[in-house]
A.B. asks: 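Quick one: the structure is below, questions incoming.
Ligands are counted one by one from 1 in listed order, and the atoms in each one are counted from 1 as well.
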Amino acid sequence: MSVFCVKLYTISTLPSILHTPIEFLKGVGPQRAQWLRAEIAVSSYGDLLNHFPYRHIDKTRVYPISSIGASTEAVQVRGILTDMQEVGERSGRRLVAQLSDGTGVLELVWFQGIAWAKKNLEVGHEYLAYGKAAWFKSTPQITHPEVEAAVEENRAGQSLLEPVYPVTEKLKSRYITARSLGKLVLALLPQIGPDDVPEFLPAWVLKQWQLVPRFEAYHHIHFPPRQQAYEQALRRLKFEELFLLQLKLNQVKFKRHQYSKGFVFAVVGQHFNTFYAQHLPFALTNAQKKVVKEVRQDCGRGFQMNRLLQGDVGSGKTIVALLCMLLAIDNGFQTCLMAPTEILSQQHFTSISALLANMPITVALLTGSVKGKARKAILKQAEEGHLHILIGTHALIEKEVQFAKLGFVVIDEQHRFGVEQRAKLWKKSALPPHVLVMTATPIPRTLSMTMFGDLDVSIMDELPPGRQPITTVHRYESSRANVLDFVREQVDQGRQCYIIFPLIEESETLAYENLMRGYENVKAFFPEPKYWISMVHGRMSADEKDVNMQRFVRGETNLMVSTTVIEVGVNVPNSTVMIIESAEKFGLSQLHQLRGRVGRGSQKSYCVLMTGFKLSADARERIKIMCETNDGFKIAEKDMELRGPGDIEGTKQSGLLNFKLASIINDKELMETAKLVAENLLNTDVELNLPQHQALKQRLQQQQNKSYWSQIA
Ligand code: ADP
Ligand code: MG
């Protein structure tokens with residue numbers, strides 16, 4: 001026992017060399033240390049070790065100047081400096097040198113660092129120059145090349161693959177270049193021993209997945225003896241990042257399954273059965289049945305359910321939510337359903353009330369605009385336990401809303417709710433209620449594995465029968481008249497149509513004017529009293545919006561002209577045309593959401609993406625994908641590729657995607673592996689108590705101060 005204590009003591013207190021301030025490294029000193037700290041946050045040996053190169057220069061390859069082509073990228077050239085002169089004036093002032101290797105002449109150009117180049121380079125000497133080649137007036141040229149004397153013995157003992165590190169312009173101007181950082185790392189590496197970068201992956205993981213040891217990986221990521229060694233090092237370190245995250249998230253999930261106490265829904269009772277047998281307006285799809293079953297199983301086990309339901313737009317998530325709520329009610333619990341907007345809450349309230357019209361179940365709507373007596377009455381009902389289903393917006397998480405026995409919570413279109421908001425709802429009962437989170441649009445698998453790795457996931461990948469695929473077309477401004485003719489045809493057949501204008505972020509006023517102009521145009525084409533138009537925009541009061549929306553929902557208006565406020569969830573099955581104005585201004589998931597407002601009934605539906613002629617490559621790509629597919633999962637993948645995961649709503653602040661090396665776009669397979677390994681490991685040892693998992697446990701604890709999962713746990 002005492003030996004164990006001593007050992008622990010030494011591990012935790014012995015200062016690793018990695019904590020040594022960077023200024024003590026040979027070649028650094030106080031001044032450069034300050035710059036390194038300020039510019040690239042390298043303030044210790046450990047920071048430098050973790051400052052990874054973004055590529056390597058293959059020093060074995062020297063290109064003849066004559067081989068530099070129009071498409072040549074980075075090259076290394078060896079030649080004699082034949083000339084060096086300053087030319088130009090003021091901002092055009094530059095240093096131009098000629099490097100000649102017998103096959104041709106390469107120009108080297110400096111706009112900055114002229115003094116350094118003049119001091120360090122001499123005409124008549126031989127140099128190695130490296131950089132991006134470009135052509136200028138039929139001469140190949142490298143601007144701001146990296147240059148060093150071509151002396152063989154310099155490189156004794158060095159790797160031939162030389163690392164290139166990310167540096168800032170400021171560092172460059174102080175002669176700490178992408179390449180010179182390598183010299184510092186080279187000075188550092190021999191001082192680092194295996195104990196400084198201890199292995200924490202269990203041996204069987206290394207073996208089974210052919211991962212190189214950590215110590216080796218840290219060497220080879222900087223100075224690989226071969227390209228393959230670099231790739232192995234990279235793979236190992238990426239795996240490590242992904243694995244630690246998967247382990248954390250899955251540990252939360254596994255522990256919940258094992259320890260968290262949750263309400264037990266023991267029976268499928270009368271309400272559920274009566275509704276299912278008598279009031280269900282259609283047969284459920286297999287996907288819907290599957291999800292109801294998954295939820296029922298989860299809620300019967302005695303642990304708290306935390307489930308994410310991913311279903312494409314129109315896959316019928318609402319009825320699934322309702323069935324689950326009935327299950328809870330049958331077991332003596334209250335439920336609530338939270339939606340991101342008033343309109344959506346209202347709509348859920350209307351449709352759920354209608355579905356439950358002949359059943360002894362109390363449903364209420366609570367939003368910011370429910371006030372006074374009505375509000376008090378609802379709060380009282382909830383608190384006393386008489387209210388079965390409470391539907392609403394953010395208002396539901398306010399303190400004043402208390403339940404006697406809240407057992408099941410549905411959160412619709414979750415990406416608008418933060419983790420903290422979810423947590424607040426859970427505090428409304430003695431045990432945390434079961435939670436079903438429903439997404440507005442599918443999330444790419446790797447992203448959901450990261451963002452929602454702590455949740456169980458249900459996927460509904462089937463649309464209700466009888467839906468015809470929506471036809472999507474791209475039209476330019478010039479065909480507007482044709483488009484409007486088409487809309488009129490549809491409207492004359494009794495259908496309804498949406499015309500959506502973008503929100504203009506820079507100027508709300510501009511967006512508003514845009515919408516108004518659009519409205520006037522539409523009105524001219526669809527005059528009253530033959531046609532009626534609803535309009536909804538951000539400047540309206542909640543009441544005004546609601547009135548306009550409701551008229552459209554009831555079919556009293558033929559057209560809905562709107563900004564994106566109607567984007568999510570709105571359900572008017574009679575509408576068959578969705579016109580999206582300035583479609584290039586919308587992101588893919590938004591376009592898909594908007595399109596999902598049509599094609600919800602049995603009629604053939606259309607989506608028209610209107611744009612100007614000038615389109616960026618990305619916008620063109622987005623529109624092309626929209627015209628090609630209706631599959632939300634495909635669109636989500638593409639969206640992530642185009643925008644990068646960091647831009648997808650809600651992911652930015654979470655910190656979950658701050659990988660140093662790994663990418664959830666490019667390392668899908670490795671992430672799957674990491675998840676699998678994490679699950680295998682937790683299956684046998686969820687607490688990480690086995691001796692072979694101690695190093696791992698310690699490593700996790702070091703990272704534990706990051707807050708995301710501690711909040712959900
Ligand atoms: P979302 O998943 O986008 O929230 P909704 O729950 O609003 O979709 O359902 C979309 C439409 O499909 C609604 O009009 C709903 O009544 C209908 N619907 C849902 N499930 C089925 C089904 N199994 N068969 C036929 N229609 C269905
Ligand atoms: Mg919905």
Side-chain angles (χ1 to χ4, degrees), residues 275-277 279-293 295 307-326 337-357 389 391-393 410-417 436-443 457-470 495-496 498 549 552-555 564-576 578 589-605 607 630-633 635-636:
F275 180 79
Y276 202 95
H279 303 296
L280 197 62
F282 35 66
L284 292 187
T285 64
N286 286 329
Q288 287 170 319
K289 281 185 202 160
K290 183 192 76 187
V291 176
V292 173
K293 201 166 147 194
V295 170
R307 188 168 276 281
L308 173 72
L309 171 53
Q310 285 202 55
D312 207 346
V313 250
S315 59
K317 295 185 283 288
T318 317
I319 198 85
V320 170
L322 176 58
L323 285 165
C324 296
M325 291 194 284
L326 290 176
L337 191 167
M338 185 157 80
T341 63
E342 294 235 352
I343 290 176
L344 274 178
S345 312
Q346 171 78 54
Q347 193 163 46
H348 278 314
F349 176 70
T350 312
S351 61
I352 286 177
S353 302
L355 285 165
L356 298 176
I389 301 179
I391 297 170
T393 51
V410 181
I411 302 180
D412 195 13
E413 324 297 11
Q414 66 52 231
H415 64 283
R416 305 205 173 183
F417 289 113
L436 183 68
V437 174
M438 308 198 291
T439 60
T441 22
I443 305 166
V457 178
S458 290
I459 290 189
M460 293 211 303
D461 49 5
E462 187 186 353
L463 294 181
R467 298 270 174 81
Q468 301 181 47
I470 303 162
R495 308 279 92 80
Q496 287 164 281
Y498 293 97
M549 194 66 223
F552 187 70
V553 172
R554 287 195 296 265
T564 41
V565 286
I566 58 111
E567 174 186 342
V568 181
V570 173
N571 187 33
V572 182
N574 185 45
S575 31
T576 54
M578 165 62 63
S589 72
Q590 228 183 351
L591 289 172
H592 183 62
Q593 254 307 315
L594 286 168
R595 177 170 61 184
R597 296 313 105 213
V598 297
R600 298 174 83 84
S602 53
Q603 303 291 332
K604 171 78 187 159
S605 293
C607 175
N630 278 306
D631 182 336
F633 285 91
I635 289 173

A.B. asks: Does ligand 1 have a heavy atom under 4.0 Å from the side chain of Thr285, from its backbone, from both, or from neither?
C.D. replies: both

A.B. asks: Would you mind running through ligand 1 and noting each atom that sits below 4.0 Å from a heavy atom of Thr318?
C.D. replies: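 Matching atoms, with element in brackets: 4 (O), 5 (P), 6 (O), 7 (O).
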
A.B. asks: Could you grab the distance from atom CG of Asn571 to atom CD of Gln347, nearest 0.5 Å is fine?
C.D. replies: 5.5 Å

A.B. asks: Pick one: which of Leu284, Val292, Ile352 meets side-chain contact (heavy atoms from CB on, under 4.5 Å) with Ile319?
C.D. replies: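 The single option meeting the side-chain contact (heavy atoms from CB on, under 4.5 Å) with Ile319 is Leu284.
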
A.B. asks: Measuring from atom NE2 of His348 to atom CD1 of Ile391, what distance do you get when rounded to the nearest 0.5 angstrom?
C.D. replies: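 The distance works out to 7.5 Å.
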
A.B. asks: Below the 3.5 angstrom mark, is there an N/O of Leu284, backbone or side chain, next to an N/O of ligand 1?
C.D. replies: no

A.B. asks: If you measure every N/O of Pro573 against every N/O of ligand 1, is any gap under 3.5 Å?
C.D. replies: no

A.B. asks: Heavy-atom contact check, 4.0 Å cutoff: does Lys289 meet ligand 1?
C.D. replies: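 No, Lys289 has no heavy atom closer than 4.0 Å to ligand 1.
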
A.B. asks: Counting C-beta onward and ignoring hydrogens, is there a side-chain heavy-atom pair between Met438 and Val320 closer than 4.5 Å?
C.D. replies: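 No, every pair of side-chain atoms sits at 4.5 Å or beyond.
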
A.B. asks: Between the side chains of His592 and Asp312, is a donor N or O closer than 3.5 angstrom to an acceptor N or O?
C.D. replies: yes

A.B. asks: If you measure from each non-hydrogen atom of Gln288 to ligand 1, which part falls under 4.0 Å: side chain, backbone, both or neither?
C.D. replies: side chain

A.B. asks: Is Gly316 close to ligand 1, meaning an N/O of one under 3.5 Å from an N/O of the other?
C.D. replies: yes

